Amino acid sequence: MANVRPFRCIRPNGEVASKVAALPYDVYNRQEAKAETEKNPMSFLAIDRAETQFPDEVDLHDPKVYEKARKLLTDWQENGILISDQDECYYVYELTMNGRSQTGIVACAGVDDYINGVIKKHENTREDKEQDRICHVDVTDAHTGPIFLAYRSEKELNQIVEQACKEKALYDFTAEDGIRHRVWKVADMDKVSRIQNNFSRMSAIYIADGHHRAASAVKVGLKRRQENPSYTGEEPFNFFLSVLFPDDQLMIMPYNRVVKDLYGKTEEEFLKAVKERFEVDKWKEEGGCQPQNRHQMGMYLNGQWYQLTVKEAYLTNDPVKGLDVSLLQDLLLAPILGIGDPRIDGRIQFVGGIRGLAELERLVDGKAGAVAFSMYPTSIQELFSVADEGLLMPPKSTWFEPKLRSGLFIHSLNSETY
């Protein structure tokens with residue numbers, strides 16, 4: 001059963017929360033991150049991406065980069081930018097985008113639950129990306145970016161969250177991208193106990209976003225266990241920072257694809273090959289083809305949108321092979337366009353659905369790609385089904401919006417026990 005704990009949170013003081021809160025570290029490349037911290041020195045990117053504090057020739061993974069992150073974290077606590085709550089609490093975190101809200105519970109999830117499969121994953125991780133966050137967590141002695149978890153909606157938890165949202169918020173601000181962020185503290189011991197008990201009855205919780213952060217946090221926890229062989233399991237390093245959302249509030253956007261060329265085929269040869277496995281219809285409506293149903297894709301080729309529908313003979317109930325991203329890969333990208341492994345093939349580009357169909361048109365019209373595909377979004381239930389079977393999704397299957405901000409909640413891994 002899931003062990004989801006309240007924790008002692010390090011967080012921004014109310015006056016600067018809007019300046020501190022930053023998009024996740026991996027949303028930016030180095031130059032973008034540096035520009036952001038130059039524009040706003042109080043952005044948490046200064047800590048999450050401490051290479052922004054050095055000349056460009058300094059390696060991203062130089063030990064002094066992580067030491068700088070640790071020092072900034074300490075400095076910000078000493079000068080009052082960050083404050084420390086002394087009670088073990090949960091927090092409620094609401095994000096509102098285009099009038100639609102999702103509200104999660106900020107807590108610490110268990111390393112053991114990740115290891116024993118109560119916390120289920122659906123993606124593989126890359127060791128190089130893990131190593132960066134392992135160093136960051138280990139040196140700063142803190143989790144600075146929450147893992148985005150999902151659970152099957154539960155009535156009592158929903159009621160507790162609704163009650164919390166009627167109180168005065170700790171934070172209430174709208175970021176530059178238009179996303180509104182509100183946070184409430186849940187310190188009442190009865191509510192804290194009820195939240196913990198409700199999670200303890202859950203047999204499964206799912207990683208929605210943040211697989212690398214989760215894997216890194218777990219590996220630091222295991223490292224600390226080796227360094228402290230008499231550990232009890234109650235130490236902070238046995239838990240990692242998370243925000244847990246009910247499944248019925250989450251929005252998954254599509255992850256679209258652009259391919260650089262037609263693999264030596266003419267447009268006519270390509271379309272003929274596609275028609276063997278898909279029903280192909282010219283799209284006549286304005287605004288491009290955004291699929292409205294499973295097993296349909298939009299395709300943009302030479303200034304024309306098409307709607308592709310997978311022929312029934314190629315459909316399957318397999319939880320992975322039946323995903324639309326798998327069907328596109330197995331029926332078109334691999335056999336027709338020669339994209340064997342999309343994780344490493346430089347001919348394919350992945351475009352988050354937040355950027356819209358206009359971005360696909362821009363890339364193809366600008367000759368950055370020959371053909372683009374708009375996808376129907378993977379559902380949260382499809383994600384659950386894949387994870388429940390212990391399987392993995394193809395790369396770039398889901399795009400979650402809005403993104404959780406880093407810096408609003410920090411979990412210290414110091415020796416103080418819960």
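Counting from 1, the numbers follow the sequence of the chain as shown. No experiment lies behind these values; they were computed from the predicted model shown. Side chains are part of it too, since the values below use all heavy atoms of this structure and drop only hydrogens, waters and symmetry mates.
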A.B. asks: Are any non-hydrogen side-chain atoms of L23 and S406 less than 4.5 angstrom apart?
C.D. replies: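 No, too far: nothing below the 4.5 Å cut-off.
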
A.B. asks: Does a side chain donor of either D48 or T144 reach within less than 3.5 Å of an acceptor in the other side chain?
C.D. replies: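 There is such a pair between these side chains.
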
A.B. asks: Do F44 and T37 touch side chain to side chain, with heavy atoms closer than 4.5 Å?
C.D. replies: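 Contact flag for F44/T37 side chains = no.
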
A.B. asks: A side-chain contact here means heavy atoms from C-beta on lying under 4.5 Å apart; do V20 and I81 qualify?
C.D. replies: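 Yes - at least one pair of side-chain heavy atoms lies under 4.5 Å apart.
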
A.B. asks: Return the minimal non-hydrogen interatomic distance between E401 and Q102, and the atom names on each side.
C.D. replies: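 Result for this residue pair: O-OE1, 3.8 Å.
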
A.B. asks: Might you point out which heavy atoms bring A46 and W76 nearest each other, and give the distance in Å?
C.D. replies: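 Heavy atoms of A46 and W76 come nearest at CB-CZ2, 4.3 Å.
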
A.B. asks: Are D132 and Y25 close enough that some pair of their side-chain heavy atoms sits under 4.5 Å apart?
C.D. replies: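 Counting from C-beta outward, D132 and Y25 do come under 4.5 Å.
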
A.B. asks: As an exercise, state the distance from SG of C165 to CD of E94, rounded to the nearest 0.5 Å.
C.D. replies: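 So the SG of C165 and the CD of E94 are separated by 5.5 Å.
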
A.B. asks: Is there a donor-acceptor pair closer than 3.5 Å between any side-chain N or O of H136 and the backbone N or O of I47?
C.D. replies: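 It does hold such a pair.
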
A.B. asks: Is the distance between the ring centroids of Y306 and W283 under 6.0 Å?
C.D. replies: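 No - the distance between ring centres of W283 and Y306 does not fall below the 6.0 Å cut-off.
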
A.B. asks: Given 3.5 Å as the limit, does a donor-acceptor pair link the side chain of S379 with the main chain of E382, or not?
C.D. replies: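 Yes, because the side chain of S379 sits within donor-acceptor range (under 3.5 Å) of the backbone of E382.
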
A.B. asks: Do F270 and Y263 make the cut of ring centroids closer than 6.0 angstrom?
C.D. replies: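 No, too far apart.
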
A.B. asks: Where is the tightest heavy-atom contact between S84 and Q77, given as atom of each residue plus distance?
C.D. replies: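 The answer is OG-NE2, 3.9 Å.
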
A.B. asks: As a quick check of understanding, evaluate side-chain contact (heavy atoms from CB on, under 4.5 Å) for Q196 and V4, giving each step before the final call.
C.D. replies: CA-CA 6 Å; Q196 190 163 359; V4 177; over 6 Å; no

A.B. asks: Looking at every non-hydrogen atom in both residues, tell me the closest pair between L301 and A370 and how far apart they are.
C.D. replies: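 Closest approach of L301 to A370: CD1-O, 3.6 Å.
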
A.B. asks: Distance-only, no hydrogens or angles: does the E154 side chain make a donor-acceptor pair with backbone N or O of E156 under 3.5 Å?
C.D. replies: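 Yes; at least one donor-acceptor contact below 3.5 Å.
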
A.B. asks: Under a 3.5 Å distance rule, please check whether N79 uses its side chain to pair with a backbone N or O of D75 as donor and acceptor.
C.D. replies: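 Here the side-chain-to-backbone pair exists.
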
A.B. asks: Is it true that, when you exclude K396 itself, more than 12 heavy atoms of the residues, nucleotides or ligands shown sit nearer than 6.0 Å to its NZ?
C.D. replies: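 No, because the 6.0 Å sphere around NZ of K396 holds 12 heavy atoms or fewer from other groups.
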
A.B. asks: Answer yes or no: is there a donor N or O on one side and an acceptor on the other, between the side chain of Q249 and the main chain of T103, under 3.5 Å?
C.D. replies: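 Looks like yes, one N/O pair under 3.5 Å.
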
A.B. asks: Which pair of heavy atoms, one from S397 and one from V325, lies closest together, and at what distance?
C.D. replies: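 Residues S397 and V325, closest heavy atoms: OG-CG2, 3.5 Å.
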
A.B. asks: I'd like to check R225 versus N238 (side-chain heavy atoms, cut-off strictly below 4.5 Å). Are they in contact?
C.D. replies: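 The answer is yes; the side chains approach within 4.5 Å.
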
A.B. asks: Please determine whether the number of non-hydrogen atoms from other residues, nucleotides or ligands lying under 6.0 Å from atom NZ of K403 exceeds 12.
C.D. replies: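 Above 12, so yes.
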
A.B. asks: Is it true that atom CG of D341 has more than 12 heavy atoms of other residues, nucleotides or ligands lying nearer than 6.0 Å?
C.D. replies: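 Atom CG in D341 is packed in, count exceeds 12.
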
A.B. asks: Passes side-chain contact (heavy atoms from CB on, under 4.5 Å), L271 versus M299? Steps please.
C.D. replies: CA-CA 11 Å; L271 282 171; M299 182 174 74; 3.7 Å; yes

A.B. asks: Could you check whether any side-chain heavy atom of V320 comes within less than 4.5 Å of a side-chain heavy atom of L392, counting everything from C-beta outward?
C.D. replies: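 No; the side chains remain at least 4.5 Å from each other.
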
A.B. asks: Does any N or O in the side chain of K265 come within less than 3.5 Å of the main-chain N or O of I336, such that one atom is a donor and the other an acceptor?
C.D. replies: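 Yes; judged by distance alone, with no hydrogens or angles, the pair exists.
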
A.B. asks: Under the side-chain hydrogen bond (donor to acceptor under 3.5 Å, both in side chains) test against D324, which residue among H295, Q329, R294 passes?
C.D. replies: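 So, applying the side-chain hydrogen bond (donor to acceptor under 3.5 Å, both in side chains) to D324 and each of H295, Q329, R294, only H295 qualifies.
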
A.B. asks: Where the side chain of S412 meets the backbone of N414, is there a donor-acceptor pair that is under 3.5 Å apart?
C.D. replies: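 Pair found, side chain donor or acceptor close to backbone of N414.
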
A.B. asks: Quick one: are Y91 and D85 in side-chain contact, heavy atoms under 4.5 Å?
C.D. replies: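 Heavy-atom side-chain distance check passes, below 4.5 Å.
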
A.B. asks: Take atom CD of E127 as the centre, draw a 6.0 Å sphere, and report whether it contains more than 12 heavy atoms from other residues, nucleotides or ligands.
C.D. replies: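 No, not enclosed.
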
A.B. asks: Decide yes or no on side-chain contact (heavy atoms from CB on, under 4.5 Å) for I119 and F240, but give the supporting numbers first.
C.D. replies: CA-CA 12 Å; I119 295 175; F240 55 88; 3.7 Å; yes

A.B. asks: Rounded to the nearest 0.5 Å, what separation is found between the CE atom of M97 and the CZ atom of R100?
C.D. replies: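 Atom-to-atom, M97:CE and R100:CZ are 9.0 Å apart.
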
A.B. asks: Please check if the number of heavy atoms outside K191 that lie under 6.0 Å from its NZ is greater than 12.
C.D. replies: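 For K191, atom NZ is crowded (more than 12 foreign heavy atoms under 6.0 Å).
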
A.B. asks: Hey, would you say the F239 and F7 ring centroids sit under 6.0 Å apart?
C.D. replies: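 No, they do not, as the ring centres are separated by 6.0 Å or more.
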
A.B. asks: Under the side-chain hydrogen bond (donor to acceptor under 3.5 Å, both in side chains) test against Y171, which residue among R182, R405, R11, H181 passes?
C.D. replies: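 The option that passes is R11.
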
A.B. asks: Looking only at heavy atoms, what is the nearest atom pair of T52 and L45, with distance?
C.D. replies: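 Heavy atoms only, the tightest pair is OG1-O, 4.1 Å.
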
A.B. asks: Between Y206 and Y151, is the ring centroid distance below 6.0 Å?
C.D. replies: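 So the answer is no for these two rings.
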
A.B. asks: Ion pair present between R152 and D388, side-chain N to carboxylate O less than 4.0 angstrom?
C.D. replies: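 The answer is yes: the pair qualifies as a salt bridge.
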
A.B. asks: Could you check whether any side-chain heavy atom of M393 comes within less than 4.5 Å of a side-chain heavy atom of T378, counting everything from C-beta outward?
C.D. replies: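 They are in contact (side-chain heavy atoms under 4.5 Å apart), so the answer is yes.
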
A.B. asks: Assess whether atom NZ of K185 is packed by more than 12 heavy atoms of other residues, nucleotides or ligands within 6.0 Å.
C.D. replies: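 Correct, the count exceeds 12.
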
A.B. asks: State, without any angle test, whether W305 and E285 hold a side-chain donor-acceptor pair at a distance under 3.5 Å.
C.D. replies: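 The criterion, which ignores hydrogens and geometry beyond distance, is not satisfied for E285 and W305.
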
A.B. asks: Are the side chain of N197 and the backbone of S193 linked by a donor-acceptor contact shorter than 3.5 Å?
C.D. replies: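 Side chain of N197 to backbone of S193, a donor-acceptor pair under 3.5 Å: yes, one is there.
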
